[in-house]
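Structure, as structure tokens:
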Amino acid sequence: MAKFTRPTGTLDILPEDQPYWEYILACAATVARDYGFARIDVPIFETTEVFARGVGAGTDIVDKEMYSFKDKGGNDITLRPEFTAGVMRAYIENGMHVLPKPVKLYSTGPVFRYERPQAGRYRQLYQFNAEILGEQNPLADLEIMLIAWDIYARLGFTNLAFQLNTTGCPVCRPGYIEHLRAHYHVHYSKICDDCKVRIDKNPLRVLDCKREQCQPVIASAPKMVDHVCDDCAAHFAELRAYLDDLGKPYTLNHRLVRGLDYYTKTVFEVWAEGIGAQSAICGGGRYDGLIELLGGSPTPGVGFAAGIERAVLLMKAQNVPVPIPPSPPVFIAYLGDAARMHAVRLLAQLHEVGIGAQIAMSGSLKSQLRQADKRGARFAVIIGEDEMAQGLVTLRSLALGTQEAVPFVLLDDVIRRQIT
RNA sequence: GUGGCUGUGGCCUAAUGGUUAAGGCUCCUGACUGUGACUCAGGCAACUGUGGGUUCGAGUCCCACCAGUCACCCCA
């Protein structure tokens, strides 16, 4: 047992897994840029208040999942549990409201939540995040959803389910919650203990209770869509019209509620099977009141976050292939001190013209060639006394087992010709 | 925070309560002196998660703790 181990809920992303990460992050960034998004990087930690206000007191994230501490200056600091609040803070602080609207931003990096880890759940996790600020039109909601769609499609996922709902707005949601509470009050004796707490503390959450006993009560519960105001209804209808016209399959899910306080109108998630009990690989929605809440001028926004670990898990579960970055094609082996000096020059010569090459650092020629093979080189360049005397190197194809004598000065040309 | 399961070299796995914990993979070295993969031979590497207890004797049984894992809560 190693003396030191990873902190609970963290992950070492080993070289063998890096191709997944590079592929997913590159794909997500490409799609976002194709939609006109610019990258923004904000600090990994913020003043605690940014999240406490932004995410919302009463949410699980703020109540029990934040990594908070006092720094040496006595400031209350929290490792970001999500991107949106920090990005909104940056938008306000940097006067980004003067940028041409809508402002489209994406980010990627780690976020932190103090939870008990399980399949697809970690304390440090990576997210890809995108936001559209300053646009009330449902086209912004649509574009956010399309990005998620395109990323997963481009990666090669299948059997994904898009879940869609509307959570109303400050105008209509309070009324709906009253209907919901009334309904639950009638069936109070039939619901689980957790729901008895939820209906007061976080009423929408009763809708996604998984307990068997609560299912009939949920099924007969009033639906948000039936109680939204005209504005929210029109917004939702327009978004759905776009999705329907594009033929994007989605499931209307009246039970889809999200754990963050700031959502208004549209909420959506992307579900997949294959990562244990966790099915959401992506989630997002509209948050029209957030920027104002954080001290900015009233600005609508919509965004989403995708979990990278879950995407990696899913790619493995679905056997989605990923491109493997190629090894440097050349491995340089040598015999003797004089040849080693020359081998170093060959190494430099190849790198000057952009040909990837490694040089043996020790071992017999046999051992050096074994290294060449293990490292996935396509060619071994061998230089010894014989070659030195003639101004040649032996260029051996590891795949074919053939080799030829090549003059020093022509080595890069010959290799280039063979690898292209 | 709660509950179930698990814990033997870097990885996988073996060992009726009984000698110096066995094997496979990986890694390294070598097989007539300058040639990889396949084969063969050898080598490195574990006080069996930690601490107690039961026993003449514990990797094996019991307890605690720790860690991992899965699930709940909730979310990516």
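The chains referred to below are lettered A, B, ... by the order of the sequence lines, with proteins before strands, and numbering in each begins at 1. As the structure is a prediction and not an experimental result, all values here were calculated from the model. Computed from heavy atoms alone, side chains included, the values below leave out hydrogens, waters and symmetry copies.
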How long is the line joining [atom1] of [X] and [atom2] of [N], in whole Å?
X        : N      : atom1 : atom2 : value
A/Glu269 : B/rC74 : CD    : C1'   : 11 Å
A/Phe268 : B/rA76 : CZ    : P     : 11 Å
A/Ile61  : B/rC74 : CD1   : C1'   : 9 Å
A/Met66  : B/rC74 : CE    : P     : 18 Å
A/Glu115 : B/rA76 : CD    : P     : 9 Å
A/Leu313 : B/rU69 : CG    : C1'   : 13 Å
A/Arg310 : B/rA76 : CZ    : P     : 8 Å

**Prompt:** Quick one: does A/Gln124 reach the base of B/rA76 with a side-chain donor-acceptor pair under 3.5 Å?
**Reply:** no
Considering every strand shown, what is the Watson-Crick or G-U wobble mate of [N] when both distances are under 3.5 Å?
N      : answer
B/rG34 : none
B/rC72 : B/rG1
B/rA22 : B/rU13
B/rC28 : B/rG42
B/rG59 : none
B/rA67 : B/rU6

**Message:** For A/Phe37, does the six-membered ring have the charged nitrogen or CZ of A/Arg39 within the cation-pi criterion, i.e. under 6.0 angstrom from the centroid and within 45° of the normal?
**Reply:**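 Relative to the ring axis of A/Phe37, which defines the angle, A/Arg39 lies outside at least one limit.
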**Message:** For A/Phe45, I'd like to know if atom CZ has over 12 heavy atoms of other residues, nucleotides or ligands within 6.0 Å.
**Reply:**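 For A/Phe45, atom CZ is not crowded (no more than 12 foreign heavy atoms under 6.0 Å).
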Modelled atom types, side-chain donor and acceptor of [X] and [Y], under 3.5 Å:
X        : Y        : value
A/Ser367 : A/Gln371 : yes
A/Asp141 : A/Thr266 : yes
A/Thr394 : A/Glu387 : yes

**Message:** Taking the basic N atoms (NZ, or NE/NH1/NH2) and the acidic carboxylate oxygens, is any pair closer than 4.0 Å for A/Arg416 and A/Asp412?
**Reply:** no
**Request:** Check the angle between the aromatic planes of A/Phe304 and A/Phe128 and answer parallel, tilted or perpendicular using the 30° and 60° thresholds.
**Result:** tilted
Could you measure between the two [atom1] atoms, the one in [N] and the one in [M], and give it in whole Å?
N      : M      : atom1 : result
B/rU50 : B/rU8  : C1'   : 15 Å
B/rA58 : B/rU48 : C1'   : 11 Å
B/rG36 : B/rA31 : P     : 10 Å
B/rG49 : B/rC66 : C1'   : 7 Å
B/rC44 : B/rG59 : C1'   : 23 Å

**Message:** Quick one, A/Pro19 and A/Pro323 - any side-chain contact, counting heavy atoms below 4.5 Å?
**Reply:**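 The answer is no, as the side chains (C-beta and beyond) never meet within the 4.5 Å cut-off.
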**Item:** Check: A/Leu180 and A/Leu207 side chains under 4.5 Å, non-hydrogen atoms
**Value:** yes
Give the nucleotide from the list [options] with an atom nearest to the side chain of [X].
X        : options                : answer
A/Ala277 : B/rA76, B/rC72, B/rC74 : B/rC72
A/Ala305 : B/rA76, B/rG68, B/rC74 : B/rA76
A/Thr8   : B/rA67, B/rU69, B/rA76 : B/rA67
A/Gln118 : B/rC70, B/rA76, B/rA67 : B/rC70

Looking for any heavy atom pair under 4.0 Å, which part of the strands does [X] touch: base, sugar-phosphate only, or nothing?
X        : result
A/Ala372 : nothing
A/Arg123 : nothing
A/Gln368 : nothing
A/Arg116 : base
A/Glu82  : nothing

**Item:** 5' precedence on RNA chain B between A/Lys64 and A/Glu309 (nearest-nucleotide basis)
**Value:**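 The residue mapped nearer the 5' terminus is A/Lys64.
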**Asked** Hey, does the side chain of A/Gln127 come within less than 4.0 Å of B/rA76's phosphate (OP1/OP2), counting only N and O?
**Response** no
Filtered N/O pairs between nucleotides 35-39 of chain B and protein, under 3.5 Å:
| residue | atom | partner | partner atom | Å |
| --- | --- | --- | --- | --- |
| B/rU35 | O2 | A/Arg396 | NE | 3.3 |
| B/rU35 | O2 | A/Arg396 | NH1 | 3.3 |
| B/rU35 | O2 | A/Gln403 | OE1 | 3.3 |
| B/rU35 | N3 | A/Gln403 | OE1 | 3.2 |
| B/rU35 | N3 | A/Gln403 | NE2 | 3.2 |
| B/rU35 | O4 | A/Gln403 | NE2 | 3.2 |
| B/rG36 | OP1 | A/Lys366 | NZ | 3.2 |
| B/rG36 | N7 | A/Arg396 | NH2 | 3.0 |
| B/rG36 | O6 | A/Arg396 | NH2 | 3.0 |
| B/rG36 | O6 | A/Leu398 | O | 3.4 |
| B/rG36 | N1 | A/Leu398 | O | 2.1 |
| B/rG36 | N2 | A/Asp373 | OD1 | 3.1 |
| B/rG36 | N2 | A/Leu398 | O | 2.6 |
| B/rA37 | O4' | A/Asp373 | OD2 | 3.1 |
| B/rA37 | N1 | A/Leu398 | O | 3.3 |

